[in-house]
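Take a look at the structure below.
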Amino acid sequence: MNFLRRTIDNIKPHFSKGGKFEKLSATFEAFETFLLVPGKVTQNGSHIRDSFDMKRMMALVVIAMIPALLFGMYNVGHLHFSLSSESKTFWQIFGFGFLKVFPIIVVSYVTGLAIEFTFAQIRGHEVNEGFLVTGMLIPLIVPVNISLWMVAVATAFAVIIGKEVFGGTGMNILNPALTARAFLFFAYPADMTGDKVWISGMNEAGLDTTSGATALGHLLQSVPEKTAFSDVALKLPTDIDAFLGFIPGSIGETSKLAILIGALILIYTGVGSWKIIISTFFGGLVMGWLLNAFSANAYMELPAYKHLLYGGFAFGAVFMATDPVTASQTEKGKWIYGFLTGMLAILIRVLNPAYPEGMMLAILLMNVFAPLIDYYIVEANVKRRLRRLKNESVKLNKQ
Amino acid sequence: MTSKNWKLLTNPLNDENPITVQVLGICSALAVTVQLKPALVMALSVTVVIALSNLIIASVRNTIPPRIRIIVQLVVIATLVILVDQVLKAFVYDVSKKLSVFVGLIITNCIIMGRLEAFAMVNKPWESFLDGIGNGFGYGMILVIVAFFRELLGSGSLLGYQVIPESLYAFGYKDNGMMILPPMALITVGIIIWVQRSRNRKLIEK
């Protein structure tokens, strides 16, 4: 640490005003504060500056995602080798997945950070921290077979159009990682959905395609084919598999256990709002029960709790809906926001014939509505307090 | 051509662009820009309608009773639009099919009514004609830029001819399906506005 401090102090003058690399000061500042907690102290007034700044907070979210990431890597290898039913050691399986997933992470970070740094230099402000999380989220929500250049294009789109045009981290309306996914989903649908994209090596193997479809894919297919639920149920993974995550899906979304660990980290450290997480799950359950009550087709008959185990519902609820920038800011608003996100996700899943998964669209939609929810919560509060003031003054006048 | 008249032609291209600055005529800009050819035809049609209707209204502006001026303007525009529609149907039928209802909807294009009300009603015919040409080009320019990127990135072609080489597809390149969807037109227009405003000092809002 001392060595690090000394090196940074040594080169610092070059980057300060008047130094050789004055133009790169934003870049330097970003690295300095990333490596070491800044020692800034408030000079006057009573503002308390916690050393737990945004960089530390973002790093915590990344830590919370690590279980999902590691399991995702393992699952990529596991699914790949299950195609050929060879027996492999744990490290061979994990190594295969690691080599598949790591390039996606590198591409996502390099593209996103390059753009962030460029913008920071042009605008002369500090480099925003937000991309630390976004860069890790993007690899976790894409299928393993995605082309790397698509990841790069989507990341660039998300960072520029989703974030920088609004003024950078903290100003964006939509969750940047989901913007990237939505871009991929609409731009290159063949590479984002279907039954061939989830398992690495599926295309080359030329196997029976049905083994590669996700649970949601099977269910969606059953609607136009008018299959009975009992027939579809045979194709669905067991609950324990879906919970542990040995099912096809986007890289980080499959294991609910890993996501649960991440959720506990987020809730324990206070970075993610437990209100949003709980209300999202509750909203999903309620919608599931409502659809169960109608049971017009096989998809509607799916037991509500299974909705929470399949697809990206859990991942979205824990890591995406809780994004402190794009979620509701008011405490009451968080309940409404989460509840509606959960409901909409299941509604889109079941009733929309084009999209097998609704979590992405539900969160993006509620991102747009979050400011509106907050506005009415604040207004209601103002009104309530005004009424109280009036009542109090009436009482005082009587006395 | 005096410098004042020259300004009438060039101002709508940049400082007073109908789409990017006045934000008029957006709907058609989104609808007809999937491919370059319909966008070009649309740009030309609107330019013709706007220039001629400006000319006609400016010539009779002193005889129009102010209380019924809108309906008079509409009659002129509608007549011209029907003429344009018939010409398109006769000579470029396939494009006319693609543009479908949007040719008829030129009548409701805000740019045309806007120029008639704001310019042709109070200016001489020749100036009005130039103003119409300028605004038509300003509108058409944006349409063509948007359509250029949408067709290039969305279908890999320009004016229907494939320009992105087959070898690139072999490497794994794919056309961007989102470019064909209307939201991307809006985003493209947004990017053009962004670029324009960061280059043009006059447009920076205080």
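Labels below follow one simple rule: chain letters A, B, ... track the order of the sequence lines, proteins then strands, and each chain is numbered from 1.
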Fill in: Heavy-atom contact with chain A under 4.5 Å, split by part of B:M184
side chain
Worksheet item: Does CZ belonging to A:F369 count more than 12 external heavy atoms closer than 6.0 Å?
Response: no
Fill in: Nearest-0.5 Å distance, CD1 of residue A:I160 to CD1 of residue B:I191
8.0 Å
Worksheet item: To the nearest 0.5 Å, how far apart are CD1 in B:I187 and CZ in A:F183?
Response: 8.5 Å
Please list every donor-acceptor pair closer than 3.5 Å that links chain B with chain A, giving the two atom names and the distance for each.
from	atom 1	to	atom 2	distance (Å)
B:G172	O	A:W149	NE1	3.2
B:K174	NZ	A:D191	OD1	2.9
B:K174	NZ	A:D191	OD2	2.9
B:G177	N	A:A187	O	2.6
B:M178	N	A:F186	O	3.4

Discussion item. Are there residues of residues 24-38 of chain B whose heavy atoms fall under 4.5 Å of chain A's heavy atoms? If so, which?
Written reply: none
Discussion item. Using heavy-atom distances under 4.5 Å, tell me whether A:F185 contacts chain B through its side chain, its backbone, both, or neither.
Written reply: neither
